[in-house]
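Right, one structure below, let's go through it.
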Amino acid sequence: MDFRRYGIREEEYLAAREALGREPNECELRILGVMWSEHCSYKSTKHLLKLFPNKGDKVVLGPGENAGIVDLGDGLGAAFKVESHNHPSAVAPYQGAATGVGGIIRDILALGARPVASMDGLFFGAPGHGKTAMLSSGIVRGVGDYGNAVGVPTVGGKTVYDPSYNENPLLNAFNLGLVRLDEIVSSQTAKPGQLVVLLGSKTGRDGIAGAAFASVELSDDAKADRPSIQIGDPFAEKLLIEACLELQAKRLIVSMQDMGAAGITSSSSEVAAKSGVGMVLAFDKVPLRAADMEPWEIALSESQERMLLIVEPRHLEEVMAVAERWELDCAVIGETTEGDGYSILFHGEEVASFPASLVGDGCPPIHWPARKPDNLEKGWELDVETLPLPEDWNETLLSLLSEPSLASKEWIYDQYDSMVQTNTVRGPGHPVSVLRIKGRETLVAMVLDADPWKCALDPFRGGAEAVARTVRALAVAGAEPLGLTDCLNFPSPENPEQYWVMMECIKGMAACCEALQCPVVSGNVSLYNESAAGAILPTPVIGTVGVIPSVGQFLPSGRWHDGDVLFQVGPCIPSLAGSQYLLMREGRNRGRPLEFLPDVEAGFVRRALKTARDGVASSGRAVAGGGLAVAIAREATESGLGAVVSFEIPTRRDVLLFGEGGARALYSVPMAKVPLFKSLWRGFPLLELGRVQGAELEINGVISVPVDTLPSPRRIR
Amino acid sequence: MKTAVIIFPGSNCDQDVLYAVRNTLGTEVRAVWHGEREIPDGTDLVILPGGFSYGDYLRCGAMAARSPVMQAVIDHGRRGGLLLGICNGFQVLTETRLLPGALLTNRIPAFICRPCLLRVESTATPFTSMYAEGQVVQFPIAHADGRYTLPDDELKALEDRGGVVFRYCDGAGNVTEESNPNGAMNGIAGIVNEGGNILGLMPHPERASEAILGGVDGCAFWRSIFSTLQERRV
């Protein structure tokens with residue numbers, strides 16, 4: 001049997017043969033080829049993902065379900081997850097991005113949650129590279145058109161530019177939904193004798209085996225992979241959302257699963273395996289777009305906007321009526337049975353049959369060899385003293401603010417409806433996105449972030465820093481972090497050095513999650529992000545969700561008041577390693593990022609939360625990309641006020657102003673509250689920077705610019 | 001005051017406007033499915049909400065304008081009942097010809113979502129009576145097809161009869177090229193019919209009706225409608 005044709009390795013073939021007790025047939029091999037692809041099976045990373053802490057007081061649902069759920073209090077939960085759609089977006093940017101958004105929305109919907117907010121992680125090539133304009137504009141339009149039409153606001157995100165993404169851009173889609181904890185729909189509750197119902201769009205040849213396509217490197221002739229691309233229909237998705245939520249409200253669904261990668265086979269076998277039931281499906285009952293589809297094509301089609309429902313026979317009529325009202329196709333395609341047999345019939349003939357658990361759990365894991373990269377330590381070499389100081393500090397600050405990864409992303413988020421559903425308290429362009437919940441005091445806060453440059457230099461420290469950045473931002477805003485979701489974007493794991501880097505990143509992230517008690521509740525892995533032109537930077541993307549008890553305890557950014565005193569909190573030991581400043585000056589990434597200090601991070605978060613809750617500051621911002629100077633500039637432009645900043649420098653001026661990393665924040669504190677602020681931060685490094693005043697930004701006598709000449713997001717009043 | 005919000009397949013601002021009216025006025029608001037043939041008895045105000053009715057795969061609003069419920073909505077408008085179209089709803093109103101002109105793809109052909117400043121051009125409508133003439137208000141826009149366009153003679157007629165209710169402007173109330181986000185003729189953001197009872201606008205007053213969302217300039221919009229209806233009753 002030529003199993004390799006179907007992307008199956010020998011040991012996988014042998015495992016399948018043993019489980020079946022016979023030779024698998026062609027249809028079965030094709031199904032296993034996709035279901036056991038990296039994208040679906042996590043065979044290279046499953047054991048690594050176990051390193052993440054996933055338990056906590058506020059965790060309602062951890063990894064393994066369609067998305068994680070955290071407890072927001074008063075019986076309400078936030079379901080959220082981030083997922084990649086990198087390969088499709090590289091080949092067909094508009095459709096790839098659009099269906100990425102649609103897919104993650106259905107993941108949230110599958111739990112019975114109403115999707116209320118999206119964020120997007122965008123990683124583009126160098127702005128001057130030939131493909132970047134086409135890819136970035138297509139991806140942004142795809143994200144916007146889908147989210148806008150489906151009526152889910154895109155409230156934030158992260159955009160990075162680096163040449164490593166030239167041929168292989170990344171699109172990570174995050175979605176968050178709200179669900180009452182007593183109304184969560186599970187994929188584990190099917191019982192024998194129930195109906196398997198397919199709701200939504202017809203099944204066509206689009207996106208067949210897309211998951212397998214996502215599990216290999218991009219070929220030079222990526223256009224040949226076009227048939228692997230799915231086509232999105234946000235209108236159908238909007239109807240699907242409303243129909244599913246109505247079915248759920250009427251309690252007509254036993255279990256529900258979205259149809260993402262590997263389509264019907266993946267969703268149905270997952271429900272069967274998790275619920276511990278068998279399943280018989282009749283593929284000739286599946287509504288099709290093309291009449292002559294083969295059973296394996298039906299099995300693996302990734303046609304969008306479909307959901308799999310498990311329904312009690314007595315509820316079928318009502319389910320059909322709801323589907324009809326929303327003008328959606330709805331068909332019974334099978335039933336659940338006793339045992340764990342999963343079989344597919346086509347016109348009465350059995351075309352595939354295996355134990356349900358084999359599809360999801362039967363793939364033998366792969367432990368790729370890991371080796372510390374030979375040149376890792378060489379990359380750490382950075383003697384700051386050999387770097388010339390900037391000649392023109394004003395110019396340096398202005399250039400830094402105009403660097404693509406730091407500049408305003410208005411051209412992107414203006415294309416997104418960030419306000420529909422009327423819950424957006426803080427939308428895109430702010431360090432933290434904040435949503436209110438109608439009828440409640442509580443606000444939900446969320447951040448999506450990444451720091452691929454530091455991950456490349458020291459994957460452990462970079463991984464920890466990436467997680468810490470999200471938690472710091474939330475804490476400064478007054479949001480208690482409840483949990484996070486991650487998208488692990490890496491190149492091929494088959495290269496031992498790349499595998500080692502991924503492993504170390506995961507360890508670093510896990511260490512930070514542990515220290516800050518922020519569990520990982522959901523996530524996604526995207527490997528093989530490389531092309532003939534090279535591999536992407538290691539890019540774990542973190543989406544962290546927190547809760548603010550009330551609007552009075554939310555500390556915004558960009559709200560300086562005239563006369564406020566400015567403070568930096570946190571250790572004054574920043575580093576130029578992997579900083580935007582160094583990348584701009586040298587065009588290359590080097591140095592060793594700061595060590596991760598668990599106790600310092602935890603102490604920072606505790607004090608930052610109290611600062612926001614006690615209302616002792618008028619404005620706050622965690623120091624991140626571009627360092628302290630960029631944080632000061634952003635606060636000044638958003639506030640429309642200047643400042644005179646002057647402080648003793650325990651290190652080189654450029655390192656302190658532009659260095660990155662570590663638990664630091666910039667606060668603006670009303671004079672009367674300074675003593676209170678100082679006592680809150682007692683025992684933590686605290687540096688008084690200066691005063692808010694005038695319309696000019698002056699920093700230590702080297703930077704002096706009128707605030708209205710700094711690049712800033714559009715102001716309309 | 002009784003309000004009916006029509007829900008077409010693909011509407012996505014229906015719940016927002018229901019909430020804004022209820023939250024601002026505390027009055028009765030009903031959702032009406034597009035497949036209905038009637039609107040509830042005693043309805044004072046019908047709202048066609050924003051969104052992407054039928055996916056806007058044809059001309060925006062063209063399919064919705066032919067929905068079963070639209071005959072009842074048109075009758076309501078012709079009888080002098082208050083009828084409001086926001087964003088996609090405005091597009092539907094031009095498609096039914098209850099309002100003149102058309103909404104074309106933005107000058108820069110992309111979706112655009114941002115807060116916008118508007119100058120209130122007319123307070124002699126049931127929707128704007130509580131604003132001051134020339135007042136500058138902030139409502140967000142969110143559309144790809146909002147470039148209001150009509151033939152020159154019709155534009156002149158519209159202007160001459162004072163049919164323009166909102167115009168995009170800058171902070172000082174000046175209507176300029178820069179303050180016009182979509183290239184609409186004469187910076188037109190919203191218009192009213194000759195009878196004064198049917199208003200269409202691209203910006204979203206329902207997104208500017210609560211301080212926590214960043215603005216309350218839309219509240220006077222809902223209060224104007226409420227007070228007009230109160231006066232009519234007296």
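Nothing here was measured: the structure is a model prediction, and the numbers come from that model.
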Okay, B:S179 and chain A: the region with an atom under 4.5 Å from a heavy atom over there is neither
Can you tell whether the side chains of A:D417 and B:R114 come within less than 4.0 Å, N to carboxylate O? no
Whatever's closer than 4.5 Å to a heavy atom in chain B on A:V434 counts as neither
Bottom line for A:D233: the part with an atom under 4.5 Å from chain B's heavy atoms is both
In this structure, CD of B:Q15 is separated from CD of A:E242 (nearest 0.5 Å) by 7.5 Å
If one checks every heavy atom of B:Y54 against chain A at 4.5 Å, the contacting part turns out to be both
CD1 (B:I212) and OG1 (A:T422) are apart, to the nearest 0.5 Å, by 11.0 Å
For A:N148 and B:N12 the tightest heavy-atom approach is O-ND2, 3.0 Å
- Item | Within 6.0 angstrom of B:R30 CZ, more than 12 heavy atoms from elsewhere | no
Okay, A:S418 and chain B: the region with an atom under 4.5 Å from a heavy atom over there is both
Can you see whether B:F52 has A:K238 sitting over its ring - NZ or CZ less than 6.0 Å from the centre and within 45° of the normal?
no
Q) Do B:C113 and A:Q415 come close enough that some side-chain heavy atom pair is under 4.5 Å? A) no
More than 12 heavy atoms of other residues, nucleotides or ligands under 6.0 Å from CD of A:E441: is that the case? no
Cut-off 4.5 Å, heavy atoms of chain B, and the answer for A:V420 is both
Residues B:P9 and A:L239: closest non-hydrogen pair is CB-CD2, 3.7 Å
Whatever's closer than 4.5 Å to a heavy atom in chain B on A:R325 counts as both
The interface call for A:E327 against chain B, heavy-atom contacts under 4.5 Å, is side chain
Around B:R59, counting heavy atoms of other residues, nucleotides and ligands shown, do more than 12 lie under 6.0 Å from its CZ?
no
To the nearest 0.5 Å, atom CG of B:D16 lies from atom CE of A:M419 at 11.5 Å
* Is the count of non-hydrogen atoms from other residues, nucleotides or ligands lying under 6.0 Å from A:K409 atom NZ greater than 12? -> yes
Does atom CG of B:N174 have more than 12 heavy-atom neighbours, drawn from other residues, nucleotides or ligands, at distances under 6.0 Å?
yes
